[in-house]
Amino acid sequence: MTPKIRTRFAPSPTGYLHIGGARTALFNWLFSRHYGGEFVLRIEDTDQQRSTDESTKAILDAMTWMGLAWDEGPYFQAQRVGIHREMVQKLIDEGKAYYCTCSPEELENKRKTALAEGRKPKYDGTCRNKGLKKSPGSVVRFRGTETGVTVVEDLVKGNIVFNNEELDDLIIERGDGYPTYNFAVVVDDAMMNITHVIRGDDHVNNTPRQILMYKALGFDVPKFAHVPMILGPDKARLSKRHGATSVMAYKEMGYLPEALVNYLVRLGWSHGDQEIFSTTELIELFDFSSVGKSPSVFNPEKLLWLNAHYIKGADPARLFEEMKTLWPPAADTSDADFTQKVISDLKPRVKTLVELAGSADFYFSDRIQYDTEAAGKFLVPEILPLLKEMAARIPDVDDFSKEGLEEFLKSFIAQRGIKFKAIAQPLRVALTGKTVSPGIDEVMATLGKNRVAQRIAAAAEYIETNG
RNA sequence: GGUCCCAUCGUCUAGUGGUUAGGACGCCGGCCUCUCACGCCGGUAACCCGGGUUCGAAUCCCGGUGGGACUACCA
């Protein structure tokens, strides 16, 4: 029987969860779900200088928002230094690691001269065979293998072969007694029984060294899957200078989590020609056999399209909840029923929830502002009689639903032998103040009889005083 | 510099020796229509280059070129 699949996401809490990390987390999550395995969250906070609790919280919040539920954790790597030190000691005892007293300055200088002379800037092994003891500020280095090859069997890239002589003796325990990433990650992944290490392909060059450490420690080597990077429009690794890269920034900009998830999963993974995937489908279909090898450029337009797609299909009641923090202060959304109607009217025509909130102003203001150009063109004396007649008829409309209003409008124009076009725009401006809005019938139904009557009367009055 | 990875429309991608190289975003037209949007229809646009292998290469091999990552007492 094959062991249960266990994946992990191991961010360092040095900032918010960014797009790249989110996709890595998503792939880990999907993979574990697909195989009925477990997904572990581990916070890699061994860099005491840069790690913050705020970042940890921000990352957890973002993952929760995206629906990436972890089965275990969060574990905190810094709380596991006891284990790491034990493992370091084990390696030292077995001669597989050694103390080194080279100072950072010395190392930096050696690196520089090596580079200047065209040599590899790898550690020169000064302390490798000195048999040094622990001393203040000393570090521990892993004793690498100098011959042979190490092959990384990667689920997305295939086999990658490294000459061991290229790998230098890297530091596994720092002067401050904390383990370095490459060591802690190995110990933790091994001890947490992680079966599949899924991470960005910026880690491939570290992998052979890590494999050597797994072996030195006597651990089983997990399977690896290195996912290609996400790039900015300039083909450089996606970063802040490319714009919004924080997952939560997208929430604030009015994106739905399922849109982000759907967008992100398609960056590198595909299933034939299909573009839209529910979470259930994703879990069912996701596998590394269809993850591409090449990096992909982040394309905000396509994300926007997906967001519009999911907004259209979303239940107004759910959108009402999602939008609670997005409305401008002026909008009184306390009437949930009314607000949900507003959302229903607007959701087919917006790409973000923020855009929806922004275009809803006329629904909420008692005294609507006419767009100057719109009023100048459509609230003209010629239309006054029609507006007045309509205002007079409104109170008698029994069925104020979209369908009922459609009928009312139809008979209204039929009786006067005019085309709907003749009154549509003036009516729209009267009701919304602008030339662009949801359908007249929808707006009227949502606004309700009283507001409609009041607005048409106000428009008539406006024409009489300004026309 | 060294090591490693990558290479199909502008972008995301399908494609695993024989296709008019498909889909999606964007863009451009048209239809629908009370405006806008949606939707629908159509169009624009790609196999990095050069050698091989083969009857036949986007697909396989080699070499270039280009891009990226790593090369920390960061993760």
Side-chain angles (χ1 to χ4, degrees), chain A residues 10-14 44-47 49-51 77 100 102-104 107-108 111 114-122 137-141 152 154 156-157 160-163 166-168 170-182 184-185 199-208 226 228-229 231 233-237 263 266-276 290 292-306 308-309 312 346-351 359 374 378 409 419-429 432 434-441:
Chain A
S12 63
T14 54
E44 310 232 314
D45 54 350
T46 51
D47 184 343
Q49 314 296 319
R50 301 195 303 149
S51 298
Q77 197 162 55
C100 169
C102 297
S103 72
L107 260 16
E108 185 54 32
R111 237 192 312 275
L115 225 40
E117 291 167 16
R119 290 181 289 113
K120 303 180 203 303
K122 60 180 264 189
S138 65
V139 303
V140 179
R141 282 183 188 273
V152 177
D154 196 281
V156 352
K157 312 253 184 198
I160 309 169
V161 183
F162 292 85
N163 281 317
E166 298 292 343
L167 281 21
D168 58 352
L170 44 74
I171 292 170
I172 59 177
E173 187 177 285
R174 298 188 282 226
D176 64 5
Y178 278 89
T180 55
Y181 164 75
N182 277 295
V185 76
R199 74 228 305 194
D201 74 2
D202 48 338
H203 290 278
V204 288
N205 282 311
N206 288 325
T207 308
H226 287 101
M229 303 272 87
L231 277 24
D234 59 355
K235 302 286 174 87
R237 185 184 181 151
Y263 178 70
R266 284 285 290 102
L267 244 34
W269 176 83
S270 61
H271 180 69
D273 284 343
Q274 192 171 342
E275 295 287 350
I276 307 292
S290 27
K293 298 176 177 189
S294 50
S296 31
V297 174
F298 185 78
N299 180 217
E301 271 83 36
K302 190 157 184 181
L303 207 206
L304 210 48
W305 170 73
L306 277 164
H309 170 82
K312 274 190 258 303
L346 260 14
K347 76 184 174 99
R349 19 181 72 81
V350 298
K351 287 180 163 35
S359 56
F378 296 110
L409 258 13
K419 294 278 189 197
F420 187 57
K421 269 186 192 297
I423 55 163
Q425 286 302 72
L427 208 43
R428 171 169 283 110
V429 177
T432 71
K434 1 183 183 200
T435 53
V436 173
S437 83
I440 302 284
D441 44 8

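A, B, ... follow the sequence lines: proteins, then strands. Residue 1 opens every chain. Since the model is a prediction, treat every value here as computed from it, not as a measurement.
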Legend entry - Watson-Crick or G-U counterpart of B/C25, or none if no pair lies under 3.5 Å: B/G10
Inset, instruction - Select one nucleotide: of B/U35, B/C25, B/A75, the one nearest the side-chain heavy atoms of A/Arg50. - result: B/A75
Inset, instruction - Give a yes/no answer on whether the side chain of A/Lys347 brings an N or O atom under 4.0 Å of OP1 or OP2 in B/A37. - result: no
Inset, instruction - Would you classify A/Thr14 as touching base, sugar-phosphate or nothing, given that sugar-phosphate means primed atoms plus P, OP1 and OP2, and contacts are heavy atoms under 4.0 Å? - result: nothing
Inset, instruction - With heavy atoms under 4.0 Å as the rule, sort A/Ile160 into base, sugar-phosphate or nothing. - result: sugar-phosphate
Legend entry - Nearest atoms (heavy-atom pairs only) where A/Phe162 meets A/Asn205: CE2-OD1, 3.5 Å
Legend entry - No-H, no-angle donor-acceptor pair, A/Arg349 side chain to B/C36 base, under 3.5 Å: yes
Inset, instruction - Give one of base, sugar-phosphate or nothing for A/Asp441, where a contact means two heavy atoms less than 4.0 Å apart. - result: base
Inset, instruction - Quick one: label A/Phe162 by what it contacts on the DNA or RNA (base, sugar-phosphate, nothing), any heavy atom closer than 4.0 Å. - result: sugar-phosphate
Inset, instruction - Select one nucleotide: of B/C74, B/C12, B/C6, the one nearest the side-chain heavy atoms of A/Lys293. - result: B/C6
Inset, instruction - Select base, sugar-phosphate, or nothing to describe what A/Lys122 touches, counting heavy atoms under 4.0 Å on all strands. - result: nothing
Inset, instruction - Answer with base, sugar-phosphate or nothing: what part of the nucleic acid does A/Val139 contact at a heavy-atom distance below 4.0 Å? - result: base
Inset, instruction - Answer yes or no: is there a side-chain heavy-atom contact under 4.5 Å between A/Ile440 and A/Phe420? - result: yes
Legend entry - A/Ser270 vs B/C12: side-chain N/O to OP1/OP2 distance below 4.0 Å: no
Legend entry - For B/C48, the Watson-Crick or wobble counterpart (both distances under 3.5 Å): B/G64
Legend entry - Short side-chain N/O contact from A/Arg174 to OP1 or OP2 of B/A75, under 4.0 Å: yes
Inset, instruction - For B/C73, take OP1 and OP2 only and decide whether either is under 4.0 Å from a side-chain N or O of A/Thr180. - result: no
Inset, instruction - For A/Pro121, answer base if it contacts any base atom (sugar-phosphate contacts may also be present), sugar-phosphate if it contacts only those atoms, and nothing otherwise; contact means non-hydrogen atoms under 4.0 Å. - result: base
Inset, instruction - Just call it for A/His203: base, sugar-phosphate, or nothing, with non-hydrogen atoms closer than 4.0 Å on any strand. - result: base
Inset, instruction - Check every atom of B/G26, B/U35, B/C73 against the side chain of A/Arg111 and return the nucleotide holding the closest atom. - result: B/C73
Inset, instruction - Using a 4.0 Å heavy-atom cut-off across all strands, classify A/Glu166 as base, sugar-phosphate, or nothing. - result: sugar-phosphate
Inset, instruction - Decide yes or no for A/Lys120 and A/Leu115: does some side-chain heavy atom of the first lie under 4.5 Å from some side-chain heavy atom of the second? - result: no
Inset, instruction - From the options B/A75, B/C38, B/A24, select the nucleotide whose nearest atom is closest to the side chain of A/Glu275. - result: B/A24
Inset, instruction - Using only side-chain N and O atoms of A/Arg237, determine if any of them is under 4.0 Å from OP1 or OP2 of B/C70. - result: yes
Inset, instruction - On the 0 to 90° scale, with breaks at 30° and 60°, tag the A/His203-A/Tyr181 ring pair as parallel, tilted or perpendicular. - result: tilted
Inset, instruction - Describe the nucleic acid contact of A/Asn163 in one word from base, sugar-phosphate, nothing, applying a heavy-atom distance below 4.0 Å. - result: nothing
Inset, instruction - Can you figure out which of B/U35, B/C4, B/G26 approaches the side chain of A/Asn205 most closely? - result: B/C4
Legend entry - Spacing of A/Ile171 atom CD1 and A/Cys102 atom SG [to the nearest 0.5 Å]: 8.5 Å
Inset, instruction - Using both distances under 3.5 Å as the test, list the Watson-Crick or G-U wobble partner of B/U35, or none. - result: none
Inset, instruction - Look at A/Arg119 and B/G2 and indicate whether a side-chain polar atom (N or O) is within less than 4.0 Å of OP1 or OP2. - result: no
Legend entry - Test salt bridge (charged side-chain N to carboxylate O under 4.0 Å, His left out) applied to A/Glu275 - qualifying residues, sequence neighbours left out: A/Arg266, A/Lys302
Inset, instruction - Could you say whether the aromatic ring of A/His271 and the base of B/A14 stack, counting only centre distances under 5.5 Å and plane angles under 30°? - result: no
Legend entry - Under-4.0 Å side-chain N/O to phosphate OP1/OP2 contact, A/Lys235 with B/U11: yes
Inset, instruction - Could you go through the side-chain contact (heavy atoms from CB on, under 4.5 Å) check for A/Thr435 and A/Val429 one step at a time? - result: CA-CA 6 Å; A/Thr435 53; A/Val429 177; 4.3 Å; yes
Legend entry - B/U3 pairs with, by Watson-Crick or G-U criteria that keep both distances under 3.5 Å: B/A69
Inset, instruction - Grab the CG-P distance between A/Leu107 and B/C74 for me, whole Å please. - result: 12 Å
Inset, instruction - Select base, sugar-phosphate, or nothing to describe what A/Gly268 touches, counting heavy atoms under 4.0 Å on all strands. - result: sugar-phosphate
Inset, instruction - Would you please test A/Lys122 and A/Glu166 for side-chain contact (heavy atoms from CB on, under 4.5 Å) and show each step? - result: CA-CA 8 Å; A/Lys122 60 180 264 189; A/Glu166 298 292 343; 6.0 Å; no
Inset, instruction - Under 4.0 Å between any heavy atoms, over every strand shown, what does A/Leu115 touch: base, sugar-phosphate, or nothing? Just pick one. - result: base
Legend entry - Pairing partner of B/C55 (Watson-Crick or G-U wobble, both distances under 3.5 Å): B/G18
Inset, instruction - Using a 4.0 Å heavy-atom cut-off across all strands, classify A/Pro228 as base, sugar-phosphate, or nothing. - result: nothing
Inset, instruction - Check whether any side-chain N or O of A/Lys302 sits under 4.0 Å from OP1 or OP2 of B/A24, and answer yes or no. - result: no
